[in-house]
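Take a look at the structure below.
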Amino acid sequence: MASKSWHFERRTFLRGAGVTLGLPFLNAMAGASESKTLAALPKRAAFIFFPNGVSLPTEKDPQHEDWYWFPKGEGRNYEFRKSQEALNPYREDLSVVSGLSHPLNRNSGDAHVNPTGFLTSKEMIKGKTALNSISIDQAIANHHAGKTQLASMPLSTVGGVGSLTRNYTLSYDKDGKGIPAWSNLKEIYERMYVASNPAALARLKGKTHLLNEIHEDAKDLSRNLGKEDQGTLEEYLQAVSELEKKIENDRLWAKKESATAPPEIQLDIEFTDVENYMRTMYDLMYIAFKSDISRVATYQIASEGGTAPTNNLSKRIGLTQDLHQLSHSAAKGKEGFKDWGIWDQFVAKQLAYFINRLKETPEGDGSLLDRTLIFQGAATSRVHDNTNFPIIMAGGKQMGHKAGQFITYDEKQNALSNLFARIGNAMDVPMEKFGDSSGIPMSELFG
Amino acid sequence: MNSNGWNGWISSFAKPVAGLVLLLVLVGSVQGREDIKSDLDGFSQTVKPLLQKYCVDCHGPDKQKGDMRLDEIDPDVVRGRSFDQWEDVREAFNSGEMPPKEKAQPTDAERDLMTRWMDVEFKKVKLHGSTKKRGGVRRLTRYELKYAFEDLLGFPLRNEIDRLPEEGTSIETGLKNNSRMLMISSPHLESYLDVVMTIIERMKEIAVFEPFVTRADIANLDVDPPLKYTSEKKKITPALAKVSRAGSGIVIEKGGYLDLNITSISKCKSQTSLVAKAGSRGGVEVAMGFQRSDVDTRLTFCRMGTIDIAEGDELRDYILESYPEGLTEEFTKGDRPFFLRITNRGAQNLYLESLEYRGNVNMELVNTLIPHDLRESEADWQVRSKIASFVTKAFRRTPTEVELKKYHQVYELHAKEESPALALLSAYKEILCSPKFFYLGLSGNLGGKEDANFKLAERLAFFLWCSVPDETLLKVAVEGVLTQPSELNSQVKRMLKDEKSRRWAERFADQWLQTALLGNVAVDRNYYPKFKDTIKDLMQRETYEAVNDVFRNGSSALNLLKADHVFVNQTLAAFYKLKGVRGEEFQKVAVDEKSQRGGLLTQGTFLIGNSDGMNSHAILRGVWLADVILHDPPPDPPANVPPLDESIPGFNKMTLNQKLFAHRDNEACRSCHRKIDPWGIPFEGFDASGLRRTKVLVVSRASDSPKDQTKGRKKAKKPVFDKSYLEIERKSTLPDGVEVDGIEKLKEYLINHRKRDFAKGLVERILAYGLSRDLDFHDEELVNELVDHFEASGYSVPELIEEIVSSETFSKRK
């Protein structure tokens with residue numbers, strides 16, 4: 001019985017990848033109008049989130065030296081501490097940012113909506129607000145809709161949507177509704193490689209037909225409905241119509257997909273196999289960017305809250321406390337902040353892995369990293385403290401990112417949304433505002 | 001809502017106010033609602049000065065405690081913008097919560113005026129109509145879809161439904177079937193289509209399998225084959241060493257086994273069938289096996305299950321059903337020679353007359369579709385009849401001619417390429433994708449009485465069965481008699497008796513009691529080395545049985561607070577240290593107060609669920625009790641609450657109460673925390689694994705202990721743990737001043753003093769579930785009536801349900 005393409009050894013894939021992937025823009029086109037070719041290269045953005053903030057022991061604490069998340073020094077002359085040392089090889093490709101947060105989201109009066117507002121900045125008052133607002137990745141994806149097979153890739157270790165006070169997705173559509181995130185590695189792969197899967201193609205055809213029928217049926221329904229019910233029906237019809245467009249788009253892409261075989265990659269990994277799962281998620285994002293299957297991705301590494309399924313990730317990598325305890329009880333005991341710092345260190349290691357994959361892959365006049373902006377952060381500095389998000393922005397040097405510094409912003413004058421707006425601009429989206437931004441150009445980081 | 005004061009006032013003002021209300025009603029009905037005037041003069045003369053005197057200091061321009069500001073509140077309760085605020089004011093004032101005890105209190109006369117004014121204005125609101133939007137149409141929840149698919153298709157699902165995202169819960173009630181929370185987006189819709197397609201595809205796969213039977217030739221079995229020897233001349237133990245001939249059958253001794261070679265493994269359900277008897281109660285283990293290879297003669301087995309053999313003289317038929325999902329990959333993906341092995345695990349000999357392995361058992365499925373061998377004319381009639389019956393159930397009403405024609409055409413189109421059974425499944429697929437299945441509350445095209453009957457049937461079925469109505473219920477609706485009270489009551493009784501209503505009891509229990517917490521808490525093995533996760537499944541079952549007894553058997557709901565019995569099986573009873581319980585089935589077991597186990601509060605589900613896996617969490621348990629049991633949840637903590645200041649020296653040595661006190665010593669924290677913490681303290685006699693304790697265990701890393709300070713001592717590589725013990729705090733002063741010492745006293749207090757609050761909370765949630773929406777001010781009258789009857793009926797939930805279903809609010813779906 002033929003084994004599925006994902007049963008192959010992952011290590012093999014890592015070495016031989018360049019040959020099996022179809023690169024849409026071949027470097028062998030040098031000689032032709034090079035500047036025109038370079039300008040046509042796609043730009044990409046990835047937004048990554050981890051929960052609960054970072055280890056920030058006070059200066060007097062002996063754990064401060066090694067495990068305080070933010071680096072020593074400032075400007076170009078900064079030094080990573082032990083916590084973020086994995087990022088040392090990429091100093092010239094990244095910026096460390098301090099002093100940004102979401103003031104409007106902070107007004108919500110409920111710390112549990114911090115992660116929900118991470119990419120949106122929206123104020124969400126419990127009991128009153130039912131919806132979020134559009135997230136930056138979707139604002140970018142909507143602008144470029146149709147150019148790639150997948151408009152965006154919303155990834156999350158738990159998957160689904162969750163609720164406004166416990167979200168499992170980072171992506172929210174233009175109406176503020178959560179976009180169900182993808183967590184199953186095999187399913188993500190199947191979404192990326194539809195054409196290689198005859199069953200999937202048959203599905204697409206089937207869905208087109210079913211949607212036609214649904215559309216007909218729904219027309220019968222609007223009689224005798226009260227105003228509120230009309231609204232419910234409208235929402236349904238809108239979902240139907242959006243889905244019709246998406247399926248149509250999927251079918252076109254399936255036709256376009258070249259005869260190149262999809263890459264072979266080990267996907268039989270559960271999220272409990274923490275490092276392998278995270279790296280595979282980064283691999284899938286990498287492949288998607290490299291093959292231009294998508295240009296926007298989000299990845300929620302874990303959720304906040306003591307009852308989240310991802311709460312035990314830290315225990316699975318050998319720490320004695322779960323994520324909720326690590327962060328909420330760091331002040332307890334002599335090594336609480338060190339333990340938390342070890343988790344921070346682990347997260348940095350995986351980010352370094354992702355940066356490296358992009359950096360070592362040539363594209364145009366440089367590497368994939370030059371035209372990929374990676375934004376990693378948390379929605380709090382300390383637990384529940386919606387200020388001074390620990391932010392790392394990497395790549396995108398050909399997109400205007402002035403990398404290589406540790407920059408501190410004045411919390412009172414600057415909001416993170418300003419940076420989001422600039423990232424949007426760097427992705428060729430002509431946005432003047434985003435969320436609660438106030439039009440600040442952030443020229444220290446972009447120019 | 002905690003409005004004990006309000007009902008008292010009503011009766012004392014009944015006469016004059018009723019007169020006023022009557023007048024308003026007459027006015028209202030004759031001249032339209034625009035005529036209802038708010039009493040703004042009354043506000044400025046009476047109410048405003050009172051607010052100024054007693055409230056504005058803390059709720060005004062200088063301070064806005066609890067985010068409430070009253071100096072600028074809109075005096076027009078009926079049409080103004082401050083309705084939500086007025087609701088809060090009224091509740092806090094009437095319950096005596098405000099002004100706080102330590103501040104100046106209004107005189108009786110002042111209270112009188114204030115309450116009366118608010119009463120009258122609120123009545124006007126009711127007459128004026130709803131200020132909140134309510135819609136009747138909603139989509140099905142994930143769990144409702146699962147049950148509906150199973151009922152409609154007659155086919156057990158696996159985990160296909162898990163592709164759909166989980167529902168959000170209503171903040172007010174914690175319920176998932178709330179129409180306002182049930183939204184849809186295009187990715188969700190796509191997942192739904194995938195789910196339906198996956199299920200139908202699997203059914204089609206199974207429908208075409210060829211069933212087969214492999215029978216052991218017992219009559220001709222040679223039980224004494226010649227001995228075999230290895231190449232080293234060692235005797236090989238014969239397979240049938242413990243088997244001997246007995247007439248046309250065989251006898252298998254204890255530990256003996258019989259192998260049956262089979263041609264292939266069943267791709268769907270299989271049945272292992274025995275005809276046997278035994279001298280005493282025993283068991284036969286059934287397993288699938290194979291030899292690894294020609295050169296590796298070792299055998300590999302996968303256990304499929306055990307058949308219980310009864311004691312007796314007569315031969316009986318026994319069947320074990322199993323599914324390929326229970327076998328490991330080596331069995332389902334390989335194709336070597338397999339064999340079935342049955343082993344006698346009983347104490348006495350087993351007499352076996354026949355043994356069969358039936359594979360690809362799909363008759364049930366095929367029979368619900370179209371049998372292969374029908375004549376064409378008969379087949380056509382069958383198809384039309386099946387489609388009509390499927391659509392009736394799926395859409396919860398009589399189909400129109402247009403609909404029947406349309407789906408028949410779908411069938412015919414597919415029948416060109418597929419067999420009748422598969423083509424029928426294709427038609428079913430389209431029916432299940434229609435919004436007419438996916439959404440509740442849509443009107444049929446009939447109008448009038450029949451429509452009302454169908455809508456009632458739909459609402460009833462999704463209330464009590466979480467699924468579509470069955471044929472009986474639909475028949476009653478077609479006849480137009482469901483709306484008649486006697487018929488309605490009779491149907492409710494029938495539905496509650498039906499096993500399907502257990503679904504409602506369990507899903508409602510999940511949502512109301514937050515049972516999912518049990519699964520999310522990891523019980524720490526450093527603290528509880530002997531704890532096994534399988535106990536959690538039993539604890540969940542215990543909770544379901546307790547709820548089931550109340551909701552369906554009519555046992556008093558107060559048994560959920562305090563009971564003289566528990567629902568356990570042998571394993572769980574042993575864990576709880578209850579003696580004398582035998583058998584793996586769950587049973588009702590009497591317990592006395594000393595065991596402290598009766599009622600929901602002391603069930604493992606909640607003791608573990610409201611802990612951090614290491615120790616009890618008085619605040620979590622307190623919040624759970626206030627929210628779930630008393631339906632009076634405390635407000636959320638404010639943002640940026642600093643964590644417990646654990647750097648206080650000696651923090652680890654403090655008792656729980658001392659730690660909590662340190663946290664809420666702040667005046668700002670105290671007003672909320674005095675309503676939370678006291679509820680959690682009585683639970684301190686239970687640890688985070690659900691067991692009773694007399695001391696609090698604290699496990700800390702050895703490197704944190706003072707002993708480690710000696711110089712030159714090498715740090716251990718693996719963390720070493722120190723255990724120490726703290727005193728238990730059990731005494732607690734509840735918000736209303738009553739002192740309780742321990743959990744049994746808390747249960748007594750709830751029964752003696754708070755049973756109405758508990759009853760009201762439960763009634764409100766059940767009503768909200770039945771209506772698929774949050775309750776609001778307009779439902780208050782109905783709620784009070786229901787609570788009165790609930791109390792009078794001895795807290796019978798089945799009777800409550802009959803009342804809810806007969807209410808106008810439910811039947812008119814307002």
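Here is the naming used below: chain letters follow the sequence lines, and residue numbers restart at 1 for every chain.
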Notebook entry, point to check: Looking at A:Glu187, A:Glu216, A:Glu242, which makes the most heavy-atom pairs under 4.5 Å with chain B?
Noted result: A:Glu242
Note to self: Using heavy-atom distances under 4.5 Å, tell me whether B:Thr198 contacts chain A through its side chain, its backbone, both, or neither.
What the structure shows: both
Item checked: Partners meeting side-chain hydrogen bond (donor to acceptor under 3.5 Å, both in side chains) with B:Ser434 (sequence neighbours left out) -> A:Asp217
Check: Which region of A:Leu131, side chain (C-beta onward) or backbone (N, CA, C, O), has a non-hydrogen atom less than 4.5 Å from a non-hydrogen atom of chain B, or is it both or neither?
Finding: side chain
Next item on the list: Ignoring hydrogens and angles, tell me if any N or O in the side chain of A:Gln63 forms a donor-acceptor pair with the backbone of A:Pro57 under 3.5 Å.
Entry: no
Check: What is the ring orientation for B:Tyr192 with B:Phe438, classed by angle as parallel under 30°, tilted 30 to 60°, or perpendicular over 60°?
Finding: tilted
Note to self: Only pairs of heavy atoms separated by less than 4.5 Å count here; which of A:Leu243, A:Thr387, A:Ile247 has the most with chain B?
What the structure shows: A:Leu243
Margin query: Quick check on the interface: out of B:Asp194, B:Leu193, B:Val410, B:Asn526, who has the most heavy-atom pairs with chain A under 4.5 Å?
Written below: B:Asp194
Check: Are side-chain N/O atoms of A:Ser156 and A:Ser183 paired as donor and acceptor at under 3.5 Å?
Finding: no
Next item on the list: Among A:Arg203, A:Lys207, A:Lys246, A:Lys177, single out the residue with the greatest number of heavy-atom pairs under 4.5 Å to chain B.
Entry: A:Arg203
Next item on the list: Please state whether the side chain, the backbone, both or neither of A:Gln238 comes within less than 4.5 Å of a heavy atom of chain B.
Entry: neither
Check: How far does CG of A:Leu56 sit from CG of A:Asn388, to the nearest 0.5 angstrom?
Finding: 7.5 Å
Next item on the list: Please look at A:Glu244 and chain B and tell me whether the side chain, the backbone, both or neither of the residue comes under 4.5 angstrom of a heavy atom of that chain.
Entry: neither
Item checked: Whether A:Thr310 side chain and A:Ser303 backbone form a donor-acceptor pair below 3.5 Å -> yes
Margin query: Taking side chain as everything from C-beta outward and backbone as N, CA, C, O, which of these in A:Leu211 sits under 4.5 Å from a heavy atom of chain B? Side chain, backbone, both or neither.
Written below: side chain
Margin query: Is A:Lys245 close to chain B through its backbone or its side chain, or both, or neither, when contacts mean heavy atoms under 4.5 Å?
Written below: neither
Check: Is A:Glu304 paired with A:Arg166 through a side-chain N to carboxylate O contact shorter than 4.0 Å?
Finding: no
Next item on the list: Sort B:Glu201 into side chain, backbone, both or neither according to what part of it lies under 4.5 angstrom from a heavy atom of chain A.
Entry: side chain
Notebook entry, point to check: Any side-chain donor-acceptor pair under 3.5 Å between B:Arg138 and B:Ser772?
Noted result: yes
